[in-house]
4 protein chains.
Amino acid sequence: MKAEPKAAGHGAGTGIVPHPISPRSDRIHQSVLTATQQLLREGGYPAATVDAIAQRSGVSKATIYKHWPSRAAVAAKAFGLMMAEALPLPDTGTTEGDLSEQVRRVSAFYASDLGSVFAQLVAACVDDPAGAPYFREYFLNGRRAAISELWQRALARGDAGPEVAVDDVIDILFGPLIFRKLTGAYPLTDEAAVSLARTALRGLLRQGD
Amino acid sequence: MKAEPKAAGHGAGTGIVPHPISPRSDRIHQSVLTATQQLLREGGYPAATVDAIAQRSGVSKATIYKHWPSRAAVAAKAFGLMMAEALPLPDTGTTEGDLSEQVRRVSAFYASDLGSVFAQLVAACVDDPAGAPYFREYFLNGRRAAISELWQRALARGDAGPEVAVDDVIDILFGPLIFRKLTGAYPLTDEAAVSLARTALRGLLRQGD
Amino acid sequence: MKAEPKAAGHGAGTGIVPHPISPRSDRIHQSVLTATQQLLREGGYPAATVDAIAQRSGVSKATIYKHWPSRAAVAAKAFGLMMAEALPLPDTGTTEGDLSEQVRRVSAFYASDLGSVFAQLVAACVDDPAGAPYFREYFLNGRRAAISELWQRALARGDAGPEVAVDDVIDILFGPLIFRKLTGAYPLTDEAAVSLARTALRGLLRQGD
Amino acid sequence: MKAEPKAAGHGAGTGIVPHPISPRSDRIHQSVLTATQQLLREGGYPAATVDAIAQRSGVSKATIYKHWPSRAAVAAKAFGLMMAEALPLPDTGTTEGDLSEQVRRVSAFYASDLGSVFAQLVAACVDDPAGAPYFREYFLNGRRAAISELWQRALARGDAGPEVAVDDVIDILFGPLIFRKLTGAYPLTDEAAVSLARTALRGLLRQGD
DNA sequence: AGCTAAGCGAGACGGTACGTCAAGTCTTTCA
DNA sequence: TGAAAGACTTGACGTACCGTCTCGCTTAGCT
């Protein structure tokens, strides 16, 4: 028996049906995700049709549907991985600096070309119940972990207290950005992001003695 | 340019092309919006196909497209009107009470059946450039006005200072709710809403001596 | 009111849903049938996919499916019309001559390239209940009428008696040909056809005193 | 060349590639054919997909394709064997009686549930060049032998003359039935079968004084 | 009041992508 | 070594809904 790396962990109990890891399915996942990422970059979500993905990746449509429940799921995973790379954890030395910088980076990301793709993806996953778990897994969980990390640092430094839940932190810091991106009401400038972050952090962190 | 000309009546300068008011077009608007509202209530956005709206309202598809640029636009306007009714301005006597209560109400609305329709609508307007102005006009502007009103009261009472822009207030208070609704990550309970509001308001309002 | 040519007659009570005759649907029927005929000629039934027909005819797939219940139905009608042209009624002067000649012609038709398409079409209509009525209408009824005509002449001449039903005539004369074509057991030569016809006609016609 | 070498056992020279007889391949043949027969009985040809046959028989798809060239071939053989059992040679004592009774039996078979499966199989073998030899071998040859037997008796009795080829006999007697079955134009009743047989036999047999 | 022309209802149409199905081939694993 | 298991490619299927269009009828608005 070959020692399989545990295929669980990823997406256990999240609505994501994991596929056993094998050289074959690995190649397929890789091809599909790469092709999807290219298409998303080139023409956004509308360009990433399943037919196009199949053609570009050399993986057949039927096989794609065996590995993912829907187009939105494929796109969510592909884009989530891209986004994670684009948003490494900052380390400025101070709690406020780290969080504020992260807000700025996310804001900048939303303001970029890829930002619109992100919005389209949110929309797609709202429409598609099967896609939602993928969205949560590949967008949120990663980001949530990152922010948790920063928040741990803040607690350790005594900048924050346990009375504020980390989930609230995340939502208060990044919810406004998504709101702005989705509604397209305001431009997402760095200044606006920093201003938002400052105001929000006043409620989240302990105000200096 | 930030200063937009005040929306003169029906969305001038907002991408919304108004139609001349005539008995005929009035009847059409009314029928279409009513039918759309019914359909949205009954089966959400997916049920409100243009064919269905045409059939239910007795207004032909061609005519619908003469008055609105897209399905999303029709739905946005119809739903926006419904939502406004469901969220009257609170008056608890205190600034914190008013804002907190409004957050709670919006959260409850999102948690209701109609909340999902709202999410679908956001998604639809992201995909559809023509629908977006309608979304902004009939969802955001109304709400923005309402919150501005509350914020004026706060300023008058000295609970808030001019250093915080009202737009930031709105985004920080309601962005997190939309974020949660769209991602489906958390249940939108009253307690969660109140907790979020309290934390957020700590950053927004002057902390009383 | 425009005087419409009666749209009934064709396919009443046969499982064929007739479409009202209008310039629009006329153009569509024409384009689709012509395109289908070309494709059948070029690559047989397998080439006449609905997508190919749609592309070639400029009529969309959805529209094709509004006018015909299935691919087999389209093909049956298209091919039936072609076949009718290829098999005009013979007139040799004698009953035996006419019928024998018709058997020969049908045999020759089956032996031609189009003969295989015919077999494919029979097969397609066996598999597709929705196609069968079209097959009957556009292949059989026409041929049945032709043979009835010949049989009337035979009766008039006293070559045949009323004790033999015209349906039996048809089936006994042409059934063997189809059988041979479908099973591919024997080549369909003129000689074989004539031999078959002679033998069969001995049972069908009054044997001359 | 007309004179075909007699089919030596399993279809030599008929397009059927025989497999070496071994305990293993015997078991495989048996399992596959039995499973296919069950499936054909239960749901007709559409139910006898290769996947279903593989699953039911415990023989893998790859192996099935090593022994038969196509799905149609498997089904043709399986069904041919079933059909042979269902149609034993009649012996009524008279030539006309035997042939007429056989026509009646075949007609009844076509009219039964299995009759439709037969039609589907004919259709399948028309589409599939690889299946056709199997169809001929397992359907036609057996039947042809049976009718030849009856025809020998007729010749021996002096009921028929050598001027009528046995192949013509078969086609004229059974072609009409297949024709009716495939086109679905007429019900295949016993009366109709007997009537057809009587008329056809008038042309085939010597009209005894 | 009657005529003309725009507005409208009805619904057919083109287009695009969807998700599904089964045939036949290929690879991996087990006996 | 050969078969079981089942993943994979391929190609077509039939469906859904958008937004556009064409056709007659209706109704407003002018003479």
Side-chain angles (χ1 to χ4, degrees), chain A residues 1-2 19-20 22-25 27-28 46 48-52 54-55 58-72 128 130, chain B residues 19-20 22-25 27-28 46 48-52 54-55 57-72 127-128 130, chain C residues 1-2 19-20 22-25 27-28 46-52 54-55 57-67 69-71 128 130, chain D residues 22 24-25 27-28 46-55 57-72 124 127-128 130:
Chain A
M1 195 210 295
K2 216 172 219 174
H19 276 258
S22 76
R24 233 173 162 176
S25 80
R27 204 207 67 224
I28 279 168
T49 67
V50 181
D51 285 284
Q55 179 150 13
V59 173
S60 79
K61 232 167 47 147
T63 301
I64 293 174
Y65 278 107
K66 254 180 217 140
H67 287 255
W68 288 274
S70 69
R71 168 167 100 120
D128 173 17
Chain B
H19 273 259
S22 78
R24 233 170 166 178
S25 86
R27 203 209 66 222
I28 283 169
T49 66
V50 182
D51 284 282
Q55 177 148 16
S57 66
V59 173
S60 81
K61 269 170 70 169
T63 303
I64 293 175
Y65 279 104
K66 254 179 219 139
H67 290 255
W68 288 272
S70 70
R71 166 164 97 122
D127 288 336
D128 172 19
Chain C
M1 193 207 302
K2 214 172 218 174
H19 276 258
S22 77
R24 235 177 160 175
S25 79
R27 203 208 66 223
I28 279 168
T49 67
V50 181
D51 285 285
Q55 178 150 15
S57 67
V59 172
S60 80
K61 232 166 48 146
T63 301
I64 293 176
Y65 279 107
K66 254 179 218 142
H67 287 256
S70 69
R71 166 166 100 120
D128 172 18
Chain D
S22 78
R24 224 168 174 179
S25 86
R27 205 209 64 224
I28 282 169
T49 66
V50 181
D51 285 283
I53 295 170
Q55 175 148 19
S57 67
V59 173
S60 81
K61 268 169 73 172
T63 303
I64 293 174
Y65 279 105
K66 253 178 220 140
H67 290 257
W68 287 273
S70 71
R71 167 166 98 125
D127 288 335
D128 172 19

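All chains are named by letter (A, B, ...) in the order of the sequence lines, taking the proteins before the strands, and each is independently numbered beginning at 1.
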Distance test, side-chain N/O of H67(C) to OP1/OP2 of dC13(E), below 4.0 Å: yes
Smallest separation among heavy atoms of A47(D) and A52(D), with atom names: O-CB, 3.7 Å
Taking for each residue the nucleotide of DNA chain E bearing the nearest heavy atom, is the 5' side occupied by D128(A) or by D128(D)? D128(A)
Spacing of R71(D) atom CZ relative to dA22(E) atom C1', expressed in whole Å: 8 Å
For the pair made of CG in D127(D) and C1' in dA22(E), what is the distance, rounded to whole Å? 14 Å
State, to 0.1 Å, how close V50(C) and R71(C) come at their nearest heavy-atom pair, and which atoms those are. CG2-CB, 3.6 Å
Quick check on DNA chain F: between P46(B) and P46(C), whose nearest nucleotide comes earlier from the 5' end? P46(C)
Side chain of D51(A): nearest nucleotide among dC13(E), dA23(E), dA17(E)? dA17(E)
Please round to the nearest 0.5 Å and tell me the distance separating atom CD1 of I64(A) and atom OG of S70(A). 11.5 Å
So, for S60(A) and A54(A), which heavy atoms are closest and what is the spacing to 0.1 Å? C-CB, 4.2 Å
Shortest non-hydrogen contact from D128(D) to A72(D)? OD2-CB, 3.2 Å
For the pair made of CD1 in I53(D) and P in dA5(F), what is the distance, rounded to whole Å? 15 Å
Roughly how far, to the nearest 0.5 Å, is the NZ atom of K61(C) from the CG atom of D51(C)? 4.0 Å
What pairs of nitrogen or oxygen atoms, one from the protein and one from nucleotides 9-11 of chain E, lie under 3.5 Å apart?
unit_1, atom_1, unit_2, atom_2, d
dG9(E), OP1, R27(B), NH2, 3.4
dG9(E), OP1, G58(B), O, 3.1
dG9(E), OP2, S60(B), N, 3.0
dG9(E), OP2, T63(B), OG1, 2.9
dG9(E), N7, S60(B), OG, 3.2

Whole-Å distance between dA23(E) P and Q55(D) CD? 14 Å
Between T49(D) and Y65(A), name the one whose nearest nucleotide on DNA chain E is closer to the 5' end. Y65(A)
Between dC8(E), dG19(F), dC13(E), which nucleotide gets closest to the side-chain atoms of S70(B)? dG19(F)
